[in-house]
Amino acid sequence: MKETINAIRGFKDILPRETGQWQMVEETARQVFSAFGFNEIRIPIVEKTDLFKRGIGEATDIVEKEMYTFLDRGDDYLTLRPEATAGVIRSYIEHSLHAEDAVTKLYTFGPMFRRERPQKGRYRQFHQIDAEILGIDDPRIDAELILMLMHFLTAVGLAGPKLEINSLGCKECRPVFRKMITDFVRGKEEGFCPDCTRRMQTNPLRIFDCKVETCREIMTSAPVVLDALCGACRDHFDRFREALTIFNMPYEVNPRMVRGLDYYTKTAFEVTTELLGAQNAVAGGGRYDGLVKDLGGPDTPGIGFAIGFERLVALMQAHDEDCRCRHGRPDLFIAAMGEEAQGMAFALCNKLRLEGIRTEMDYAGKSLKSQMKRADKLKCRYTMIIGDQEIANNQATLRDMQESRQAPVGFHQIVHIKKVIKGEKPLD
RNA sequence: GUGGGCGUAGCUCAGAUGGUUAGAGUGCCGGGUUGUGGCCCCGGAGGUCGAGGGUUCGAUCCCCUUCGCUCACCCCA
């Protein structure tokens, strides 16, 4: 035996037993998103590194230490996308999609790459469903997008998602808040954990996120973003919440919530559940009114979210079996005995497939019992038996495995066979 | 990048304070019915006990190193 080569760390195979479920989630997303006026966009997995540096922010953890970046033949630095928004916006600008309609609603899904240490719910290649609305800054749109997200999560069978919202302010009020925090923290350095003392320099807002009890305690009396919002941001947040109320959408304002990507402004939100371990966010997103302009496009507001596919699917294990059956189960198994019968089975099997009937057979000349066993294992509802008797009578035996009944059918009565299998006609 | 836990059959796991052919369940293949699945019974294949080195008469077990997996920190979907 030769040495095996395994998939690399943090990269996972999505096996046949799982893909049925993935397809179901994708189908639901397409259906729900299209009802809300979204169209699919498909963008490259590799982009110029600068796109992410400018889009996500040079000082973020993602750009600083998590990107898969490489030099392409000594020319450009390229990067495997760590998230989808930057690429979508790049494409939006490059193709002047803003000129086609004042409002552009886009969704996409696919793999993202971040070089983090893998753990439960966190992989180096992971998949996201991503949706973006460009061209409107009306706070009602923020609520509408969240309505769509929550509806999708429910439609897919996710139990008990928790919605948390916050406002991060805009480029006017965020610096004000940042200063409030640095002022508040000054002189209290002793009380914080080592991580937080570091955060004071790099990203003071993150101190809110700390899980250490003493840090949390100090921060309870700290000023909150919502206190620092400018008039416009405060108004946006209020009207956003009003719109959520119209939908009877339960939510919690979490002033401690911060986002890891620099482009977010105003509305930020996160959907979490308690069943995911430490990586408890299933979806997250927010408004990014300055991003399109920062990437060289027209001054266009935007908002979007990303759903973690693997995390979503992990919460849906109960549905796995159904999906697998729906996609993987053949309609008919043809069991043939003898060389002549096998020849007929081979022709018939492929003829039925061309008719859209999922048909399987055995090529190894196994015993009837063994073939029946396989048919049962594949969960085929019907088995067709072809042997000397059937050839003599010019009729195959069609067996309903579920009802344990069987009846003869003519070899050439394809239409009849098809109808029986589809449940449109009785077996006899 | 840092720390904890774990590596024995395809999968889930036993095992002996170091001793001769390493076990179970499940899955897979076959038989019990020479033309009929599920349940039951019987049989079979499948393991360099993660890898390398050390101690020992002898190591899957003890020691060191290494690789892998996993959970958590960090960060986020």
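Residue A/Arg122 is classed as a base contact, given a heavy-atom separation below 4.0 Å to a base. Among the heavy atoms of the strands, none lies under 4.0 Å from A/Gly285. Contacts of A/Glu390 with the nucleic acid, taken as non-hydrogen atoms under 4.0 Å apart, include base atoms. Within the 4.0 angstrom heavy-atom criterion, no nucleotide atom of any strand lies near A/Asn6. Across all strands, A/Ala375 comes closer than 4.0 Å to no nucleic acid atom at all (heavy-atom distances). The residue A/Gln389 sits close to a base: some heavy atom pair falls under 4.0 Å. Among the atoms of the strands shown, none is found under 4.0 Å from any heavy atom of A/Phe109.
Nucleotides B/G18 and B/C76 have their C1' atoms positioned 48 Å apart, rounded to a whole Å. B/C39 and B/G32 have their C1' atoms separated by 14 Å, given to the nearest Å. To the nearest whole angstrom, the two P atoms, one in B/U48 and one in B/U60, are 13 Å apart. Taking the P atoms as reference points, B/G23 lies 14 Å from B/G19, given to the whole Å. A distance of about 47 Å separates the C1' atoms of B/C42 and B/G4, rounded to the whole Å. A distance of about 29 Å separates the P atoms of B/U56 and B/G15, rounded to the whole Å. Comparing the P positions of B/A77 and B/G5 gives a spacing of 31 Å, expressed to the nearest Å. Atom C1' of B/G7 sits at a distance of 13 Å from the matching atom of B/C13, rounded to the whole Å.
Atom CZ of A/Phe240 sits about 7.0 Å away from atom CD1 of A/Ile303, to the nearest 0.5 Å. Annotation: the span from A/Arg287 atom CZ to A/Leu168 atom CG amounts to 12.0 Å, rounded to 0.5 Å.
Looking at the side chain of A/Arg117, the nearest of the listed nucleotides B/G37, B/U2, B/A77 is B/U2. Comparing B/G35, B/C29, B/A77 by their nearest atom to the side chain of A/Phe126 picks out B/A77. Out of B/C73, B/C74, B/U70, the shortest distance to the side chain of A/Asp61 is found at B/C74. Closest contact between the side chain of A/Ala278 and the listed nucleotides B/C29, B/A72, B/G35 involves B/A72.
A donor and an acceptor atom sit less than 3.5 Å apart, one in the side chain of A/Arg399 and one in the base of B/G37. A donor-acceptor contact under 3.5 angstrom links the side-chain atoms of A/Gln406 to the base of B/U36. For A/Ser404 against B/G37, a side-chain N or O and a base N or O form a donor-acceptor pair under 3.5 Å. For A/Arg311 against B/C76, a side-chain N or O and a base N or O form a donor-acceptor pair under 3.5 Å. For B/C74, its base sits under 3.5 Å from the side chain of A/Gln119 at one donor and acceptor pair at least.
Aromatic ring orientation, A/Tyr363 versus A/Phe346: perpendicular (interplanar angle above 60°, classes split at 30° and 60°).
Residue A/Phe309 and nucleotide B/A77 are not classified as a stacked aromatic pair, given the requirement of ring centres less than 5.5 Å apart at an interplanar angle below 30°.
Here A/Phe33 and A/Tyr107 bring their ring centres to under 6.0 angstrom of each other. For A/Phe70 and A/Tyr77, the gap between ring centers reaches or exceeds 6.0 Å.
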For nucleotides 40-46 of chain B, print each protein N/O atom paired with a nucleotide N/O atom at under 3.5 Å, atom names and distance only.
none

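Checking side-chain atoms of A/Ser221 against main-chain N and O of A/Met219 turns up no donor-acceptor pair under 3.5 Å.
Residue A/Leu348 forms a side chain to side chain contact (heavy atoms under 4.5 Å, CB included) with just one option from A/Arg353, A/Met384, A/Met361, and that option is A/Met384. The only member of A/Met24, A/His127, A/Gln21 that meets side chain to side chain contact (heavy atoms under 4.5 Å, CB included) when paired with A/Val313 is A/Gln21.
The distance between atom CG of A/Leu398 and atom P of B/G35, rounded to the nearest whole Å, is 20 Å. Rounded to whole Å, atom P of B/C71 lies 15 Å from atom CG of A/Asn280. Distance CE (A/Met372) to C1' (B/U36): 4 Å, rounded to an integer number of Å. Nucleotide B/C76 holds its C1' atom 8 Å from the CD atom of A/Glu66, rounded to whole Å.
Remark on RNA chain B: of its neighbouring residues A/Glu270 and A/Arg115, the 5'-side contact belongs to A/Arg115, judged by nearest-heavy-atom nucleotide. Both A/Asp376 and A/Leu276 lie near RNA chain B, and the one whose nearest nucleotide falls closer to the 5' end is A/Asp376.
Dashed line: the shortest gap from a side-chain N or O of A/Arg9 to OP1 or OP2 of B/C69 is under 4.0 Å. The phosphate of B/U34 (OP1 or OP2) has no side-chain N or O of A/Ser367 nearer than 4.0 angstrom. A/Lys12 has a side-chain polar atom (N or O) that falls below the 4.0 Å cut-off from OP1 or OP2 of B/U70. Phosphate proximity of B/C76 to A/Gln279: absent, as no side-chain N or O sits under 4.0 Å from OP1 or OP2.
Of the N and O atoms on the side chains of A/Glu40 and A/Thr108, not one donor lies less than 3.5 Å from an acceptor on the other residue. The closest side-chain donor-acceptor pair between A/Asp142 and A/Thr267 falls under 3.5 angstrom. Between the side chains of A/Thr397 and A/Glu390, at least one donor N or O sits under 3.5 Å from an acceptor N or O.
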Toss me the dot-bracket line for RNA chain B: Watson-Crick and G-U wobble, both under 3.5 Å, 5' to 3', using | for pairs to another strand and [ ] for crossers. (((((((..((((.....[...)))).(((((.......))))).....(((((..]....))))))))))))....
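Contact check for A/Pro82 versus A/Ile56: side-chain heavy atoms found under the 4.5 Å cut-off.
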